[in-house]
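All remarks here apply to the structure that follows.
Note on naming: letters A, B, ... go to the chains in the order of the sequence lines (proteins, then strands), and numbering restarts at 1 for each one. Predicted model only: the values in this text are computed from it and were never measured.
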4 protein chains.
Amino acid sequence: SRYEYVRSFERENILLPQSHIVIRVDGRGFHKFSDHYDFEKPNDEKALQVINEAAKQMMVTMPDIIMAYGDSDEYSFLLRKDCDLFERREFKLITTFASAFSAYYQHFWTKWIPGKPLDLERLPMFDARAVVYPNAENVMDYFRWRQVDCHINNLYNTTFWSLVLKGGMTTNEAENRLIGTLSADKNEILFKDFGINYNNIHDMYKKGTIYIREYTDFPLSKYLEDPTEAHLKRLMKRVKKSTIEQYHCDIIKDSFWTQRPYLLL
Amino acid sequence: SRYEYVRSFERENILLPQSHIVIRVDGRGFHKFSDHYDFEKPNDEKALQVINEAAKQMMVTMPDIIMAYGDSDEYSFLLRKDCDLFERREFKLITTFASAFSAYYQHFWTKWIPGKPLDLERLPMFDARAVVYPNAENVMDYFRWRQVDCHINNLYNTTFWSLVLKGGMTTNEAENRLIGTLSADKNEILFKDFGINYNNIHDMYKKGTIYIREYTDFPLSKYLEDPTEAHLKRLMKRVKKSTIEQYHCDIIKDSFWTQRPYLLL
Amino acid sequence: SRYEYVRSFERENILLPQSHIVIRVDGRGFHKFSDHYDFEKPNDEKALQVINEAAKQMMVTMPDIIMAYGDSDEYSFLLRKDCDLFERREFKLITTFASAFSAYYQHFWTKWIPGKPLDLERLPMFDARAVVYPNAENVMDYFRWRQVDCHINNLYNTTFWSLVLKGGMTTNEAENRLIGTLSADKNEILFKDFGINYNNIHDMYKKGTIYIREYTDFPLSKYLEDPTEAHLKRLMKRVKKSTIEQYHCDIIKDSFWTQRPYLLL
Amino acid sequence: SRYEYVRSFERENILLPQSHIVIRVDGRGFHKFSDHYDFEKPNDEKALQVINEAAKQMMVTMPDIIMAYGDSDEYSFLLRKDCDLFERREFKLITTFASAFSAYYQHFWTKWIPGKPLDLERLPMFDARAVVYPNAENVMDYFRWRQVDCHINNLYNTTFWSLVLKGGMTTNEAENRLIGTLSADKNEILFKDFGINYNNIHDMYKKGTIYIREYTDFPLSKYLEDPTEAHLKRLMKRVKKSTIEQYHCDIIKDSFWTQRPYLLL
Ligand SMILES: Nc1nc2c(ncn2[C@H]2C[C@H](O)[C@@H](COP(=O)(O)OP(=O)(O)OP(=O)(O)O)O2)c(=O)[nH]1
Ligand SMILES: Nc1nc2c(ncn2[C@H]2C[C@H](O)[C@@H](COP(=O)(O)OP(=O)(O)OP(=O)(O)O)O2)c(=O)[nH]1
Ligand SMILES: Nc1nc2c(ncn2[C@H]2C[C@H](O)[C@@H](COP(=O)(O)OP(=O)(O)OP(=O)(O)O)O2)c(=O)[nH]1
Ligand SMILES: Nc1nc2c(ncn2[C@H]2C[C@H](O)[C@@H](COP(=O)(O)OP(=O)(O)OP(=O)(O)O)O2)c(=O)[nH]1
Ligand SMILES: O=P(O)(O)OP(=O)(O)OP(=O)(O)O
Ligand SMILES: O=P(O)(O)OP(=O)(O)OP(=O)(O)O
Ligand SMILES: O=P(O)(O)OP(=O)(O)OP(=O)(O)O
Ligand SMILES: O=P(O)(O)OP(=O)(O)OP(=O)(O)O
Ligand SMILES: [Mg+2]
Ligand SMILES: [Mg+2]
Ligand SMILES: [Mg+2]
Ligand SMILES: [Mg+2]
Ligand SMILES: [Mg+2]
Ligand SMILES: [Mg+2]
Ligand SMILES: [Mg+2]
Ligand SMILES: [Mg+2]
Ligand SMILES: [Mg+2]
Ligand SMILES: [Mg+2]
Ligand SMILES: [Mg+2]
Ligand SMILES: [Mg+2]
């Protein structure tokens, strides 16, 4: 029609080829959301199961996702470097991730937490953004950044809510108590005041949740004989079996990555 | 942490200030979706109610939306020219629209079409894009473009499915029958072969659905005495009452727009 | 060749159609440049002639430029709203402006200031940026912004260099003397201490230089009978004669613009 | 001033950190330019010296340029991966390159080809674009792409102008003669018809011109003991001496790159 010229105002951003794409989704206003649905403090196991299951379902549906990491109300997804999903059109990628993640979250919530039906006025929603990283080092650092963040927040929240829920402080008092404290101080508060050994807390809370597409028959030792990208590509062509595995392990140390070089291919 | 440098790889696009923003959402793979859940052909009234209600809910929640237009599996939302939602950050806007729309759609579907529970493998999802228009003429043409598109598709689909469902043709035969036909030809097929007067078909199917934030006490005649933007702004400051109204009317002719100058403010 | 895939990494930004484009060039390191070539302080008439002539030549070569405004080491060019130069590809526009402006500046300098041959180590260079404005009001405000800036800088510089060159202050002393002073104070210093009536200073220094593509046979009174864009477009079709005119006038007040509505077409 | 809000319409693109930036400049309308100033066909040695000297001067002035490659009316510059020139702001980078290159070209032309003074109506101008490459392989392929292009064009041009200038063909006849010919065919025409052995033609014409920032005391053999980026970085910290060297050599084969790993650091 004579109105079609309006299409020419659309703009497109194609993400740089042959570089790693990370897409992070984050719950919108989950401070209020978690209050409204009475999340347990500091960590609500069921809510975490819902978000984890949503993330896993993303990996089931989208083979281009090689790894996911999440904690609190957020999840980060790593796409293969040579991924061509939606021809790397940014708006398609991020809006599809936001939409799909919201859809799965609502679905699993309804299924697993039937006792708390979702209100129209407070449905779970997520924003999404894509970040491009040129090399493997950046990607590892990205995930390290998220896990360090998880650790810092969790130690703070665990101590804070112990002071409030077990120590009888007001939230104001707890906040003031924690100003200026270091990690060691918080560990000590937990241990001395509440008998909690932070080390014994569930790894899911301390380290977050990792999903990886694990190539169970990857010949790591063979790869190490010639640890180049070309060799890795050749080896991966012969690899067939993969499963989606869940971990709550350290991803800051190199070992996690060196054992699975295909994550950064 | 020492990994925080990875944030510096994030990029942001701020949509041009003082220009109109249109955000369009479109169902992902609704060809298959409508098949899977046995949508009526060519139009499924209940499914349209679900998508309409989702669109209306968007307007209830987001005061910056002044108008919405939708048909089939898509909806377009017009934001006020001076809208500052998310500081006009594009990724926030489009991913929030995609997420919210998917959430509302799933919610209303579950409520209103309980006989067809949604499958995990086929949840409703939507992409979303933002387009910026510098002036009112472009915006009107945008909505005209969508309504013309609705009309063309609906006339085609109505004729096509009449040939198949009532005329006993295969889908291939119907497709071939319609190759090269003009609007007049399709109207004639409908009337002569199936006794259908296209004019009598429900306007929702022919013209789509419009929601507007209607300012019921807007003094139109006063505005017309001095139809400038400055005057309009002054008048709108005194206007208070607004309701969200649904229409299935023509938005191609000027009258729709001249009666509601505030839509393009 | 098999290497051609590298082209797919190129990115393009198309400037929003039907909106005003302003391209501003600014001399690179002209603080040092003006020192090196002993510019007169605060204003070097010859250097200004060179930059003005370069700007005028831009308008001679590029019919899409409807207006230019400049002072100090910068020039802003307004392109017609419907300009399709380089299909509105941003990188082409800005690098061509930067390149052409530098070329003309060097050319005119060499011709008009032969006494100061340009050194390879200090050739005149300019950066360039494009800014998009959706409506006429923004464009007028843009040029007002630049002219206000010119006025503020020139009053400051005139007073500063009077204190130094005529008042015998060190640059440090002059700087301190001017801290916290308002326009009125500077006017008074100029008048009382140095007998300079700022009003009598050359308008080129106080107001900058304006070039416009003037349509000498534009029927303004006819336009005012129906001051709409559609009417303006119709009138402009019949207008033929245009000349490039130079002014040093006020562009802050409305009158400059209302007399030449075609500038903002 | 109250007009400063117009600044908020400026947009900025920051090029992805830690990835390779290539900036390519290309002469504007050099088809006509070379005609106007009577360039020798197919290659004008003096004109090439001018463009080469302009490119070299770019490297003298900007230490972030590690390598340059050029032929015909174009030059490509490789910036160090960790370059922070203009904080990687794209518009600053490309407009400065366009401006500087034009300035140097005009300067050297005037100096070295005084017999052909430049006309105001036909000054040399250059566009510029930046392309980002995530890894070393892409960068090498980029330069290979340009050199292959140079080779193809030069073989074509050499044959074409031999047919015209020595063979007495019209340009139309020469064009038709070459349609569908392969490299081997062109080599044969040159040899059989004109006694020209293409291999003996000046390498500058066949392979273009390369400038590199050569680290004359780089311990290559030490590097090869542990060819990792970390090791390379450590070695480069101790390297001091560098010179800008000119070559007309093959950059398609690996050897050029493996001998100078620091180019891709
Ligand atoms: N009690 C409780 N709260 C949680 C849990 N997981 C997440 N939250 C809450 C704590 C934080 O206030 C919030 C996540 O922080 P964000 O920085 O994402 O803020 P929020 O989502 O409120 O705002 P946003 O829309 O992301 O800007 O979610 C949980 O398991 N238990
Ligand atoms: N039977 C039936 N089909 C409908 C109805 N509304 C929408 N659809 C179907 C018809 C179209 O195949 C599809 C919408 O077309 P699109 O161009 O959006 O394609 P689709 O969503 O399949 O792909 P996309 O992911 O948007 O590229 O939805 C309805 O009321 N009844
Ligand atoms: N003495 C003198 N100086 C002038 C004249 N016109 C411009 N300038 C100098 C004064 C300023 O230091 C400089 C322009 O200021 P800018 O903000 O553009 O700074 P500059 O070009 O040094 O740095 P930039 O590369 O633009 O960031 O040029 C003149 O007529 N006479
Ligand atoms: N005779 C002659 N011509 C040359 C020489 N070097 C470059 N040229 C001409 C041949 C080509 O027509 C032209 C370069 O081709 P381009 O594709 O860059 O086209 P041109 O610059 O005309 O257009 P553009 O503004 O880049 O789109 O310059 C030379 O040494 N001798
Ligand atoms: O949401 P925050 O506070 O964790 O920080 P952010 O996500 O980087 O901020 P934004 O969502 O506004 O980009
Ligand atoms: O999806 P279509 O076919 O209606 O057309 P489009 O939405 O413009 O295409 P895309 O979704 O790929 O941008
Ligand atoms: O150059 P300035 O200081 O006038 O200010 P600017 O031009 O807006 O800054 P930049 O050139 O860095 O964009
Ligand atoms: O200029 P060409 O024809 O070599 O090709 P290009 O430079 O890629 O085209 P453009 O300058 O229009 O981007
Ligand atoms: Mg956030
Ligand atoms: Mg959140
Ligand atoms: Mg969060
Ligand atoms: Mg689509
Ligand atoms: Mg669809
Ligand atoms: Mg659709
Ligand atoms: Mg500047
Ligand atoms: Mg400057
Ligand atoms: Mg300046
Ligand atoms: Mg080109
Ligand atoms: Mg060229
Ligand atoms: Mg060229």
Checklist entry - Are D:Phe86 and C:Asp127 close enough that some pair of their side-chain heavy atoms sits under 4.5 Å apart? => result no
Checklist outcome for this item: Among D:Thr110, D:Thr96, D:Thr61, D:Ile152, the residue with the most heavy-atom pairs under 4.5 Å to chain C is D:Thr96
Checklist entry - D:Gln106, D:Met125, D:Arg28: which one forms the most heavy-atom pairs within less than 4.5 Å of chain C? => result D:Gln106
Checklist entry - Between C:Tyr5 and D:Glu137, what is the shortest heavy-atom contact and its length? => result OH-O, 4.2 Å
Next on the checklist: Are D:Arg129 and C:Arg11 packed together at the side-chain level, in the sense that at least one heavy-atom pair is separated by less than 4.5 angstrom?
Outcome noted: no
Next on the checklist: Tell me which of these, D:Thr95, D:Leu118, D:Asn13, D:Val22, has more heavy-atom pairs under 4.5 Å with chain C than the rest.
Outcome noted: D:Thr95
Next on the checklist: What I'd like to find out is whether the side chain of C:Tyr142 reaches to under 4.5 Å of the side chain of D:Tyr3, using heavy atoms alone.
Outcome noted: no
Next on the checklist: So which atom in D:Asp119 and which in C:His107 form the shortest heavy-atom distance, rounded to 0.1 Å?
Outcome noted: C-CE1, 4.4 Å
Checklist entry - Checking D:Glu90 against chain C: side chain, backbone, both or neither under 4.5 Å from a heavy atom? => result neither
Checklist entry - Less than 4.5 Å apart, any side-chain heavy atom of D:Pro134 and any of C:Phe9? => result yes
Checklist entry - Taking 4.0 angstrom as the limit, do D:Arg24 and C:Glu10 come out as a salt bridge? => result yes
Next on the checklist: Ignoring hydrogens, what is the shortest heavy-atom contact between D:Ile94 and C:Phe91? Give both atom names and the distance.
Outcome noted: CD1-CB, 3.7 Å
